Protein chains: 2
Amino acid sequence: PSSVCAMGGTSSNSRLFGTLAQSLSSAPLGQIELDLDHNLAETDPDQLLRECEESLQRRPARPHRDLVVPTGAVPRRQHNPAIRIMQWNILAQALGEGKDGFIRCPLDALNWPERKYLILEEILTYLPDILCLQEVDHYYDTFQPIMASLGYHGTFLAKPWSPCLDIEQNNGPDGCALFFRRSRFSLQATERLRLSAMMLPTNQVAIVQMLTCRPTGRRLCVAVTHLKARSGWERLRSAQGADFLQKLQRMISQNGGQRRAMSGSIPLVVCGDFNAEPTEDVYKRFSSSPLGLSSAYKLLSSDKQTEPAYTTWKIRPSGECRSTLDYIWYTGDSLSVEQLLDIPTEEQIGPDRLPSYHYPSDHISLLCDVCFREEPHRLM
Amino acid sequence: PSSVCAMGGTSSNSRLFGTLAQSLSSAPLGQIELDLDHNLAETDPDQLLRECEESLQRRPARPHRDLVVPTGAVPRRQHNPAIRIMQWNILAQALGEGKDGFIRCPLDALNWPERKYLILEEILTYLPDILCLQEVDHYYDTFQPIMASLGYHGTFLAKPWSPCLDIEQNNGPDGCALFFRRSRFSLQATERLRLSAMMLPTNQVAIVQMLTCRPTGRRLCVAVTHLKARSGWERLRSAQGADFLQKLQRMISQNGGQRRAMSGSIPLVVCGDFNAEPTEDVYKRFSSSPLGLSSAYKLLSSDKQTEPAYTTWKIRPSGECRSTLDYIWYTGDSLSVEQLLDIPTEEQIGPDRLPSYHYPSDHISLLCDVCFREEPHRLM
DNA sequence: CCACCTCAG
DNA sequence: CCTGAGGTG
């Protein structure tokens, strides 16, 4: 009985699911996953975006965000188009409605049949090549089919024990999802990680994928994670970060030695909701690891050293909570950042903060375009 | 009925209170406070120390701690003997027995009639000129009379609402205490502060005293505080720190302008359990304030930049907790650090951490000797 | 396993 | 006031 609601099949979104049903019926799920060379009848993103806007007519307009070119960015070279990366904790539906206690957000603003269009609209507006999501509890019934019809390959990994499962009308556990455009990348390897802390498995997970960029043949390693939340767990986050870094290191060196030895390391992008301010240990761990990771959003600041003032901003019964928890890490030696999507201002976010009628999550989406730097010159 | 126990008057410590009773009967409390020039019959610290050792025979020996001379310390000049400063959160008796949950510490190790000798032994071993304590819930019945008999002036400030008061067999609220040797200093002014955060009064307090060094006539401002505990309260601690610094600034400039204008600022020492790791905001606030404060214990590290790895180390039901929370701040332009008491090693602390049969508190005592630097040369 | 509440010390 | 323990969605 509740599956009708979970599938989102109400009258207000019949158009979306009309478009969606087409591609689904012409290409069942199994085939999408397996038959990568078969050119499927894909959904037109523009058409889908129009459907979103139609369904969201009663909502206030989504505030505009500028794409900012960081000062000193190297102009893009030909045959080296930028790779667009999006990082977003989309807020689990069960948590948003059930227990997160966003007291200044009307419950109605969180109803899934409409909220999913807000999420989709954001994704479709920017059409990232790599999409990293956290708190996904509508993967199989919503994001997998829709993103597949738009030409994306998707991977989902649920938390071993999700807090969503304790809520009456839940839609299964939440977890991380990683999507990439099949037209842009081919998949070389996937690792589904359960993060450990001091040898013990925790409730947090990560996905790592080794991709090959279709036109250039260059490889790119991408990863997504969602670390333990709340203050008081700084040590656990730090340990999870250490474990994650170690496993990334292992995967990079495994795959690096495979095709060509020592020709510089594989470019790496790590997206995540780290649930940690830049002052925390786990942040320092990431910024000083041997992997050579930099946080992309620092480039938005004038000194290039400062993270945004917030990536999440909400009002709970316990008070207002504004913090910087989400990051896009990239290897600065092999990748350069060409553009960054600006952070909405306090005014754009509004006095009731997030989520709201015009923004579906308590976290702001992060988006940047990165470019491969020149191949390191062979010295022999 | 419970006052007998609270006064510590059991058979095992009759000797201590025998010695104590002498000086008390010959000089009632009011007179100690008022009649500073009258040379009271004082308790001999060595005799008291022997009493402590006798009462603690059944306990394992207290581990030895070295007094370390920081590399590059200026040798002490004549007529400028060092001032010994001790900072210690001694663990409130009610909290230790009642609710702090030190699951690896036998309850027996915390019984007050013995534990107070452990605390006293530590103080008597080093005989500081300035003693800053937190979590004192046996001030009037124990520390005030004993320290007074040893020639100290004491000041106590209870928290407005102490968690001790919620425990069955409590001995009153806990608070901060500040002692100084009457032979070394005379008292010029005392401020009892209730710390505020964003205009609102909090449950945390501080004592600030303006002293005059007896032989040299130089002034010294000393302060003690105990900030809000636990993770999740970083913002409050930072605000409390800001308020504290502002009030210190005010007191320094008030007294500084009084006797001689602009002859360099008054030397300042601030001791406290800040309940904050060096990564926290409130630490940065202190180290970068216009008062020019440095943290003395950084000088114990080889790079002179790093705080000790821990000043408290305990095992609670929620797990092991090792952190650096206590600091001795000093004005580096007017004071130099001559010696520091080393931090006990992990082996000395033992596998069950703190408190224990050989250490009375979950916090390690900090101790350093500071010296006045040369008076700034008068240019006119 | 997570975030809230409430309850007692 | 403050904090652990215990219950609920």
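Chain A is the first sequence line, chain B the second, and so forth, proteins listed ahead of strands; every chain is numbered from 1. Keep in mind that the numbers below use all heavy atoms, side chains included, and drop hydrogens, waters and symmetry copies. Predicted model only: the values in this text are computed from it and were never measured.
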Handout entry: Given D:dC1, D:dT3, C:dC2, the nucleotide with the shortest approach to the side chain of B:K228
Key = D:dT3
Practice task
Give the rounded distance in Å between these two atoms: CG of B:L227 and P of D:dC2.
Solution key: 13 Å
Exercise for the section: Would you sort out whether A:Y139 and A:L157 count as a side chain to side chain contact (heavy atoms under 4.5 Å, CB included), showing the intermediate values? Expected result: CA-CA 10 Å; A:Y139 180 78; A:L157 184 55; over 6 Å; no
Exercise for the section: For the residue pair B:W329 and B:F286, categorise the inter-ring angle as parallel (less than 30°), tilted (30 to 60°) or perpendicular (more than 60°). Expected result: tilted
Exercise for the section: Remember a base hit wins even if backbone is also touched, and classify B:E97 as base, sugar-phosphate or nothing at under 4.0 Å, heavy atoms. Expected result: nothing
Exercise for the section: In whole angstrom, give the distance that lies between atom CG of B:L236 and atom C1' of D:dC2. Expected result: 12 Å
Handout entry: Gap between atoms CG and P, on B:L95 and D:dC1 respectively (whole Å)
Key = 17 Å
Practice task
Measure from the side chain of B:A229, starting at C-beta and using heavy atoms only, and say which of D:dG9, D:dT3, C:dC1 lies closest.
Solution key: D:dT3
Exercise for the section: Ignoring backbone atoms, establish whether A:R230 has a side-chain N or O less than 4.0 Å from OP1 or OP2 of C:dA3. Expected result: yes
Exercise for the section: Starting from C1' on C:dA3, measure out to CH2 on A:W233 and report it in whole angstrom. Expected result: 12 Å
Fill in the blank from the handout: Regarding the side chain of A:W161, the nearest nucleotide among C:dC1, D:dT3, C:dC5 is C:dC1
Problem - Residues which pass ring-ring contact (aromatic ring centres under 6.0 Å, His included) with A:Y359, listed by chain and number, not counting sequence neighbours - result: A:W88
Problem - Distance test, side-chain N/O of A:R316 to OP1/OP2 of C:dC4, below 4.0 Å - result: yes
Practice task
For A:L195 and C:dC1, give me the distance from atom CG to atom P, rounded to whole Å.
Solution key: 14 Å
Exercise for the section: Indicate, with a heavy-atom threshold strictly under 4.0 Å, whether A:D166 touches base, sugar-phosphate, or nothing. Expected result: base
Completion exercise
From the candidates C:dG9, C:dC2, D:dC2, the one with an atom nearest any side-chain atom of A:P163 is C:dC2
Exercise for the section: State whether a side-chain donor-acceptor pair under 3.5 Å links B:Q240 with B:T202. Expected result: yes
Practice task
Would you tell me whether B:E307 and B:T324 have side-chain atoms, one donor and one acceptor, within less than 3.5 Å of each other?
Solution key: no
Practice task
Rounded to the nearest angstrom, tell me the gap between atom CD1 in B:I103 and atom P in D:dA5.
Solution key: 9 Å
Practice task
Provide, to the nearest angstrom, the distance between the NZ atom belonging to A:K159 and the C1' atom belonging to C:dC1.
Solution key: 9 Å
Handout entry: Given DNA chain C, 5'-ward residue of the pair A:D100 and B:E168, judged by closest heavy atom
Key = A:D100
Exercise for the section: Please determine if a side-chain N or O atom of B:N170 lies less than 4.0 Å away from the OP1 or OP2 oxygen of C:dG9. Expected result: no
Fill in the blank from the handout: Atom CG of A:D174 and atom P of C:dC1 are separated, to the nearest Å, by 14 Å
